[in-house]
Amino acid sequence: MFKTLADAFKIKDIRNKLILTLVLLFVYRLGCWLPIPGIDTEALGVKVEDNTFLGLLSAVSGGALSQGSFLALGVSPYITASIIIQLLSAVIPSWQRYAKEGGADGRKKISQYTKVAALIIALAQAIGIAVGFGTAGQTHIDVFGGNEFLCYAFIVFVLVAGAMFTVWLGEKITELGIGNGMSLLIFVGILSSAATALMGNFQDIGEGGKTTQTAIWQLVLFVVILIAIFALVIFVDGGERKVGVQYAKQMKGRKLYGGQSTYIPIRVNANGVMPIIFASAILTFPQLLFSIFWPDSTNGFITWWNNWIGAGSWVYAVLLSLLILAFAYFYAMLNFDTEEIARQIQANGGFIPGIRPGKPTAQYLNGINKKITLFGAIFLAFMALIPTLLFTAIGAGGLNSSFSATGMLIVVSVALEFDKQLEAQMMMKNYRGFLK
C-alpha cells in the first residue's frame with residue numbers, strides 16, 4: 001500500500017486528489033476538536049466512556065462525542081440512516097425499483113431519502129444529548145443569560161449542523177478526492193481514538209504498580225495480538241467461494257457468441273461489520289436510554305439489567321453471539337438474491353456444471369451461501385468477543401472501546417478498499433497515456 005501511495009504522488013491529477021482528501025480530513029478533525037459552548041466536556045466524557053454504545057460512537061468519531069465538539073455526532077446519523085433506508089428499500093416496492101432499475105436518478109433519490117433520514121436522526125440524537133445530559137447537570141445554563149431553552153436549542157442546532165456538515169464533507173471527498181468519503185471519515189476517527197487510547201494506556205509508567213519492564217512486556221503482547229488480529233481479518237476478508245458458471249455458445253446472425261467460463265464469487269464475510277453493529281446496538285440501546293434519562297437511578301430493574309444483561313456480562317456475550325448469527329443470515333439473504341442470480345444466469349444461456357438451470361440453481365446457490373455465511377458469522381462472533389478478552393487478560397482492558405471488533409474490521413476494510421481505488425485510478429491514467 002505504501003508503494004502504491006508513493007507511485008500515486010508521482011501523477012499530478014492523483015496527487016491533487018490526495019492532497020484535497022487530506023485537507024478535507026483535516027477540516028473534519030478540526031471540527032472534532034472544537035468544543036461547543038454550554039457543555040461540561042469533562043462530565044460528558046465520563047458519561048460517554050461509562051456507556052458501551054456511546055463509547056463506540058465516540059470511538060468512531062475520534063473522541064468528538066466525549067469532548068462535546070461541534071462534530072460530536074460525526075457520521076453516526078448518516079450511517080444509521082443508510083442502514084434504515086437500505087432495509088426499507090428491500091420491502092418498499094418503489095424504493096426497490098429505485099435501487100435496482102433507477103440508474104443515476106434512482107441512486108440520487110435514495111441519497112436524498114438518506115439525507116432526510118440522517119437529519120431526523122441527528123435531531124433526535126442532539127435533543128437526547130442536550131436534554132438528557134442537561135437534566136443530569138452536565139450543561140452550563142449560564143449561557144444566554146441563564147435561559148435553559150436557548151442553551152439547549154443552541155446545543156441542538158450546533159450538533160445537527162455539525163452532523164449535516166459531516167455528510168457534506170463525506171460527499172465532497174467522494175466526489176473530488178479518492179475513496180468513499182464516509183468510510184474515510186470513520187477511518188481517521190477510529191485511528192485517532194486508537195492512538196489517543198494507546199498513548200494514555202502506556203505512558204503513565206509507575207502508576208498503579210506498573211513498572212517499566214511490565215509496561216514494555218504489556219506493550220509487546222498488545223502489538224503481537226493486534227498484528228495477529230489484523231492478519232486474521234485480512235485473511236478472512238479475502239476468502240471467497242468461487243462457483244463456476246459455463247455459458248453455452250449462441251449463434252446470432254453469422255457470429256458465434258458465448259462459450260466462456262466464469263465464476264460467481266461468494267465472500268466469507270460479505271456482510272462486513274453490519275451484523276456486529278446491529279447486534280451491539282440492540283443490546284446496548286436500553287443502557288443508552290438508562291444513562292441519558294435515568295443517569296443516577298437506583299431502580300431495581302435498571303440495576304438488574306446492567307449487572308446481568310449489560311455489556312461485560314456472560315449473558316451479554318451469549319446474546320451478542322446469537323444476534324450476530326441471526327443478522328449475518330438476514331443480511332446474506334438481503335444482499336445475495338439467489339433467485340435473481342439464477343434467473344440472470346438462465347436468461348444469458350448459462351448454467352452451473354452438474355446443476356439444472358432455474359430453481360435447482362437457486363437452491364444450490366442458497367445452500368452454498370448458508371454454509372459460507374455460517375463461517376462468516378462465527379468469525380464475527382469471534383472478533384466481537386475474543387480480542388476484548390485477550391486485551392483484558394494482558395492488562396490493556398482500557399483499550400477495548402478504541403480497539404473494538406467493529407473498529408478493527410472497518411479500518412482493515414477501508415484501507416483495502418482505498419488501496420484498490422488508488423490502483424484503479426493509476427491504471428486508468430496508464431491506459432490514457434497508452435492511448436495518447
Side-chain angles (χ1 to χ4, degrees), residues 1 4 82-83 86 90 99-100 179-180 183 186-187 227-247 260-279 321 324-348 350-384 386-387 405-427:
M1 182 176 181
T4 304
S82 300
I83 295 172
Q86 184 180 8
K100 291 185 177 181
N180 183 282
S183 299
I186 298 174
F187 179 81
I227 292 175
I229 291 173
F230 278 136
L232 178 62
V233 172
I234 294 173
F235 175 75
V236 175
D237 187 78
E240 62 183 18
R241 167 71 185 275
K242 298 179 180 180
V243 180
V245 179
Q246 179 70 40
Y247 287 92
Q260 74 272 19
S261 298
T262 184
Y263 64 89
I264 301 173
I266 304 179
R267 294 179 57 194
V268 175
N269 189 30
N271 301 315
V273 298
M274 298 311 301
I276 295 181
I277 293 177
F278 264 105
S321 301
I324 288 175
L325 183 65
F327 280 117
Y329 275 100
F330 171 76
Y331 251 81
M333 291 186 296
L334 189 66
N335 296 327
F336 192 75
D337 191 347
T338 55
E339 293 186 359
E340 177 65 20
I341 293 175
R343 188 189 65 80
Q344 291 181 0
I345 292 175
Q346 187 176 18
N348 292 312
F351 63 93
I352 297 175
I355 307 297
R356 295 181 59 186
K359 188 175 181 180
T361 298
Q363 293 175 345
Y364 177 75
L365 293 175
N366 189 42
I368 294 178
N369 189 37
K370 287 181 178 179
K371 295 175 184 178
I372 295 295
T373 302
L374 176 61
F375 285 101
I378 293 174
F379 165 72
L380 291 177
F382 174 88
M383 285 295 301
I386 301 303
T406 305
M408 288 187 286
L409 288 169
I410 290 175
V411 166
V412 172
S413 61
V414 172
L416 293 176
E417 184 63 29
F418 180 80
D419 183 62
K420 291 177 183 177
Q421 293 196 20
L422 203 56
E423 290 181 348
Q425 293 268 353
M426 294 172 60
M427 188 176 297

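When a residue number appears, it is its place in the shown sequence, counting from 1.
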Rounded to the nearest 0.5 Å, what's the gap from CD1 on I264 to CD1 on I368? Could you check?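 Going from the CD1 atom of I264 to the CD1 atom of I368 covers 8.5 Å.
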Measuring from I266:CD1 to I341:CD1, what's the distance to the nearest 0.5 Å?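 Between atom CD1 of I266 and atom CD1 of I341 there are 7.0 Å.
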Are the side chains of [X] and [Y] in touch, meaning some heavy atoms are under 4.5 Å apart?
X    : Y    : result
V236 : F375 : no
F351 : V245 : no
T373 : F336 : no
M383 : I229 : yes
T338 : Q363 : no
Y364 : I352 : yes
T361 : Q346 : no

Does atom CZ (F230) have a neighbourhood of more than 12 heavy atoms from anything else shown, all under 6.0 Å?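 More than 12 within 6.0 Å, yes.
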Would you say that more than 12 heavy atoms from the other residues, nucleotides or ligands in this model lie under 6.0 Å from the CD of E423, or not?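 Result for CD/E423: enclosed.
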Can you list the steps and then say if L374 with L325 is a side-chain contact (heavy atoms from CB on, under 4.5 Å)? CA-CA 7 Å; L374 176 61; L325 183 65; 4.0 Å; yes
Does Y329 use its side chain to pair, donor to acceptor, with the backbone of K370 at less than 3.5 Å?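 Checked: pair present.
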Shortest non-hydrogen contact from [X] to [Y]?
X    : Y    : answer
L380 : P275 : CD1-CG, 3.7 Å
R241 : I372 : CB-CD1, 3.9 Å
E240 : V268 : N-CG2, 4.1 Å
G244 : P353 : O-CD, 3.5 Å

